[in-house]
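The structure under discussion appears below in the form of structure tokens.
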Amino acid sequence: SGQLVTIDCSGYMSASFAAAGMRVRKGDGVARRYQVAAVDYANMGFGNRGQNDCLKAVEFGPNESIRSGDVFAYKNEGQNYGHAMM
């Protein structure tokens with residue numbers, strides 16, 4: 001009968017960045033720039049691993065709060081997937 005269309009966490013974030021006219025990493029093709037997997041978000045902003053992205057790793061604690069637009073991502077240890085949120 002009907003079709004169900006869904007979007008996952010990284011797809012939502014990638015679509016949000018694209019809608020704002022932003023790209024999170026350099027690349028030759030549209031997919032490389034805008035379709036970023038959760039596990040990729042978890043690797044961004046960390047020195048050489050994040051050399052082609054525009055994110056940077058930050059720390060927060062009791063005296064430094066999260067800010068609007070901060071990206072949180074993690075990778076399940078030993079797995080090739082994770083979760084990302086903004």
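In what follows, residues are counted from 1 in the order of the sequence shown.
Taking both residues in full, the closest heavy atoms of Cys9 and Ala84 are given as CB-O, 3.2 Å, listed atom of the first, atom of the second, then distance. Contact detail for Ala38 and Ala73: the closest heavy-atom pair is O-CB, 4.3 Å. Counting all heavy atoms, side chain and backbone alike, Ala42 lies closest to Lys75 at CB-N, 3.9 Å.
With rounding to the nearest 0.5 angstrom, the OG atom of Ser10 is 11.0 Å from the CE atom of Met86. Atom NE2 in His83 sits 9.5 Å away from atom CG in Asp8 (nearest 0.5 Å).
The other members of the hydrophobic cluster of Ile7, by chain and number, are Tyr12 (side-chain heavy atoms under 4.5 Å, ILVMFWY only).
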Output, in order, the C-alpha distance, side-chain angles, deciding distance and verdict of side-chain contact (heavy atoms from CB on, under 4.5 Å) for Val36 and Met13. CA-CA 8 Å; Val36 181; Met13 287 178 49; over 6 Å; no
Would Val71 and Phe17 count as a side-chain contact (heavy atoms from CB on, under 4.5 Å) if you check the C-alpha gap in whole Å, the side-chain angles of each, and the deciding distance to 0.1 Å? CA-CA 11 Å; Val71 171; Phe17 281 122; 4.0 Å; yes
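Listed by chain and residue number, nothing satisfies the side-chain hydrogen bond (donor to acceptor under 3.5 Å, both in side chains) test with Glu77 (two or more places apart in sequence, or in another chain). Not counting sequence neighbours, the partners of Phe72 by the ring-ring contact (aromatic ring centres under 6.0 Å, His included) test are Phe60.
Taking hydrophobic clusters as Ile, Leu, Val, Met, Phe, Trp and Tyr residues chained together by side-chain heavy-atom distances below 4.5 Å, Tyr41 shares a cluster with Met22.
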